[in-house]
Amino acid sequence: MDKIDTIINQLNDRQREAVKQTQGPLLVVAGAGSGKTKMLTVRIAYLIERCGVDASEILAVTFTNKAAREMRERVRSMVSEGDKVSLTTFHSFCCGLLRRWQQYAGFSTAFTIYDDSDSEKLMKNVLKELKINTKALTPKTVLECISSAKNELIEPYDYCASVGNSPASANIQKIYEAYQNALMANQAVDFDDLIFKTYLMLKNHPELLESLQRRYKYFLVDEYQDTNHAQYRLISMISSASGNLCVVGDEDQSIYSWRGATIRNIQDFASDFPGARVVKLEQNYRSTQIILDAAGAVIAKNASAHPKKLWTEKAGGDKLVFYRAADDREEASWIVRKIDSLRAEGYGYSDFAVLFRMNSLSRPIEQALQRSGVPYDITGGTKFFDRREVKDILAYLRFIDNPRDGISLERIINTPKRGIGAGAIEKQIGRASCRERVYHPV
């Protein structure tokens, strides 16, 4: 028995079924803690070692760089050709295609990727030039509308026809067109453009799509419940030639509807891909049965297209405790009292973790911990690439690489202070951008 056989024998029956169903569309409904990452990586190894698939013909996409790195390391540990597999995120994959075929996407030089703050700064400039009151219509509000449009693959000139004609939508369409023109003038894209422009580029240039379809024959998508319409259309288009599309997800774990994700993609998979097989991973390896029963009671209320019942071999477990506090200060006090009582039972401070939804909620908890003398560390806070000094350095590098990037120039022209006046700054930024005012579809 070789290494791959040994690994496959460690899987449960449903995981093995998902691994060995290699041809045609496959939906794997993977409950929380059901070993989906192991199943996905073993499936890749199985395709290479048992089915004779060239590793370079496999494209696997997930949602975070961390998840992609973890999967890549697992594949490498199983097969020697693991490095040849395209194992990446949607946005990294699309960024690579745009840089490879930048002239087809409308770029004459290397392009810059704007983060949220860059996009908001550019939108402020656009609204100023259009003489639109930013108090009545904020840059953030407009960017949210444009992001939703791009996630639905709506181009600027189609905006009103898609969302409905009204004075408000006509105004957004005008701003959307000006914003895209400003991005192009700066030879830049925002985060949503990576997938939006890639889809349009492949749609409008069939020869590029055909070259991708000749290269990739097997497709795997992780966290499919969190894909948006643009991601769905993109992966459907690329995989349509071979039809070998395996998606893994769980509609009950969908948490990103606020950024365009739709559970329709997973709910309608069988109808969107005729002949699709469905495999459910219901054995949980992470939690005790008490936790699973509690979670099951909550999600049982969901209108699920793929109902499932998680189970585990870990019987029993501590009972869950629910505490309803009157306000955030009472909640923080209860947390400190709970820590103190468990410390008396022999637990150390390092045994505790306090989770909260957003950084702004940490203040009352930190205050309560400080008053009680409880030592603590905060994990998270300002991201490395959001730090001012890092963004300044990156702006210098981006402007060196792309001299038409007016937003980066605006950031660095007086950093450090050089005494350059507002008029001179505006003139230099205008020269950098050489702005056009006509939207050019990809």
Side-chain angles (χ1 to χ4, degrees), residues 18 21-30 36-37 39-41 43-44 47 53 56-65 67-68 71 85-98 100-101 105 150-154 191-206 208-251 254 256-257 259-279 442:
Q21 181 63 36
T22 59
Q23 300 300 307
L26 172 67
L27 167 63
V28 181
V29 180
K36 69 177 178 65
T37 302
M39 183 279 298
L40 275 170
T41 51
R43 179 183 169 88
I44 293 172
L47 284 168
V53 175
S56 64
E57 295 180 337
I58 302 173
L59 171 63
V61 290
T62 185
F63 274 80
T64 66
N65 290 318
M71 291 175 66
V85 177
S86 295
L87 217 166
T88 182
T89 65
F90 271 105
H91 291 92
S92 293
F93 176 68
C94 290
C95 181
L97 293 182
L98 288 177
R100 176 181 172 186
W101 292 318
K150 290 180 178 180
N151 287 338
E152 292 295 324
L153 299 176
I154 300 171
F191 203 56
D192 294 313
D193 272 331
L194 292 174
I195 294 173
F196 179 60
K197 282 185 171 290
T198 298
Y199 175 83
L200 294 177
M201 178 179 69
L202 296 178
K203 178 184 176 184
N204 295 330
H205 298 280
L208 303 183
L209 174 60
E210 288 170 8
S211 71
L212 279 182
Q213 292 174 332
R214 285 193 299 270
R215 174 177 178 180
Y216 295 114
K217 302 296 193 304
Y218 292 86
F219 303 85
L220 301 92
V221 182
D222 191 18
E223 306 292 3
Y224 192 64
Q225 77 279 353
D226 289 326
T227 53
N228 60 34
H229 181 69
Q231 291 161 338
Y232 158 75
R233 291 283 295 277
L234 177 68
I235 200 67
S236 299
M237 180 169 62
I238 300 174
S239 66
S240 61
S242 71
N244 298 323
L245 173 63
C246 170
V247 303
V248 182
D250 178 11
E251 60 206 280
S254 180
Y256 290 115
S257 60
R259 69 178 187 191
T262 171
I263 60 173
R264 293 197 311 271
N265 293 344
I266 194 168
Q267 291 176 335
D268 298 341
F269 186 83
S271 57
D272 290 341
F273 299 92
R277 294 278 299 274
V278 179
V279 176
V442 173

Task: Side-chain heavy atoms of I58 within contact of L220, under 4.5 Å - done: yes
Open item on the list: So, using side-chain contact (heavy atoms from CB on, under 4.5 Å) as the criterion, who are the partners of T22 when residues are at least two apart?
Closed with: Y46, L47, C51
TODO: Please list, chain by chain and in numerical order, all residues satisfying side-chain contact (heavy atoms from CB on, under 4.5 Å) with A230, sequence neighbours excluded.
DONE: L153, I195, N228
Task: Contact check, side chains of I235 and F219, non-hydrogen atoms, under 4.5 Å - done: yes
Task: Which residues share a salt bridge (charged side-chain N to carboxylate O under 4.0 Å, His left out) with K36, sequence neighbours left out - done: D222, E223
Open item on the list: Side chains of F63 and Q231, heavy atoms from C-beta outward: is any pair under 4.5 Å?
Closed with: yes
- [ ] Could you check L26 against R43 for side chain to side chain contact (heavy atoms under 4.5 Å, CB included), going step by step and ending with a plain yes or no?
- [x] CA-CA 12 Å; L26 172 67; R43 179 183 169 88; 3.5 Å; yes
Task: side-chain contact (heavy atoms from CB on, under 4.5 Å) against T262, all qualifying residues, sequence neighbours excluded - done: R264, N265
- [ ] Can you sort out the partners of E152 under side chain to side chain donor-acceptor pair (under 3.5 Å), two or more places apart, ordered by chain and number?
- [x] none
- [ ] Just jot down the side chain to side chain donor-acceptor pair (under 3.5 Å) partners of T64, sequence neighbours excluded, or say none.
- [x] none
Exercise answer: donor-acceptor pairs, residues 87-97 side-chain atoms, under 3.5 Å, sequence neighbours excluded:
| residue | atom | partner | partner atom | Å |
| --- | --- | --- | --- | --- |
| T89 | OG1 | S92 | N | 3.0 |
| T89 | OG1 | S92 | OG | 3.0 |

Task: Pairwise distance NZ(K197) to CG(N204) - rounded to 0.5 angstrom - done: 11.0 Å
TODO: Taking atom NZ of K203 as the centre, report whether more than 12 heavy atoms of other residues, nucleotides or ligands fall under 6.0 Å from it.
DONE: no
Task: Derivation of the side chain to side chain contact (heavy atoms under 4.5 Å, CB included) call for Q21 and V279 - done: CA-CA 10 Å; Q21 181 63 36; V279 176; 5.7 Å; no
Task: Distance-minimising heavy-atom pair for R215 and S56 - done: NE-O, 3.6 Å
Open item on the list: So C246 and V221, do their side chains get closer than 4.5 Å, heavy atoms only?
Closed with: no
- [ ] Search all heavy atoms of A60 against all heavy atoms of I44 and return the closest pair with its distance.
- [x] CB-CD1, 4.1 Å
Open item on the list: Suppose we screen for salt bridge (charged side-chain N to carboxylate O under 4.0 Å, His left out). Which residues come up paired with R277, at least two apart in sequence or across chains?
Closed with: E17
Task: Atom pair OH/CE of Y199 and M237 - distance to nearest 0.5 Å - done: 5.5 Å
Task: Minimal non-hydrogen separation, M71 against T37, with atom names - done: CG-CG2, 3.9 Å
TODO: Test F191 against K150 for side chain to side chain contact (heavy atoms under 4.5 Å, CB included), laying out the working first.
DONE: CA-CA 10 Å; F191 203 56; K150 290 180 178 180; over 6 Å; no
TODO: Let me see the working for S211 and Y216 under side chain to side chain contact (heavy atoms under 4.5 Å, CB included), right down to the final yes or no.
DONE: CA-CA 9 Å; S211 71; Y216 295 114; over 6 Å; no
Open item on the list: Tell me every residue that passes side-chain contact (heavy atoms from CB on, under 4.5 Å) with N244, counting only those two or more places apart in sequence or in another chain.
Closed with: Q23, Y218, S242
- [ ] Would you check if L202 and L212 make a side-chain contact, meaning some heavy-atom pair closer than 4.5 Å?
- [x] yes
Task: OG1-CG distance between T198 and L194, expressed to the nearest 0.5 angstrom - done: 6.5 Å
- [ ] State, to 0.1 Å, how close Q213 and S240 come at their nearest heavy-atom pair, and which atoms those are.
- [x] NE2-OG, 3.3 Å
Taking only distance into account, with no hydrogens and no angle test, what donor-acceptor pairs under 3.5 Å do side-chain atoms of residues 266-276 form with protein atoms, sequence neighbours excluded?
| residue | atom | partner | partner atom | Å |
| --- | --- | --- | --- | --- |
| Q267 | NE2 | E251 | OE1 | 3.2 |
| S271 | OG | D268 | O | 2.9 |
| D272 | OD2 | Y232 | OH | 3.2 |

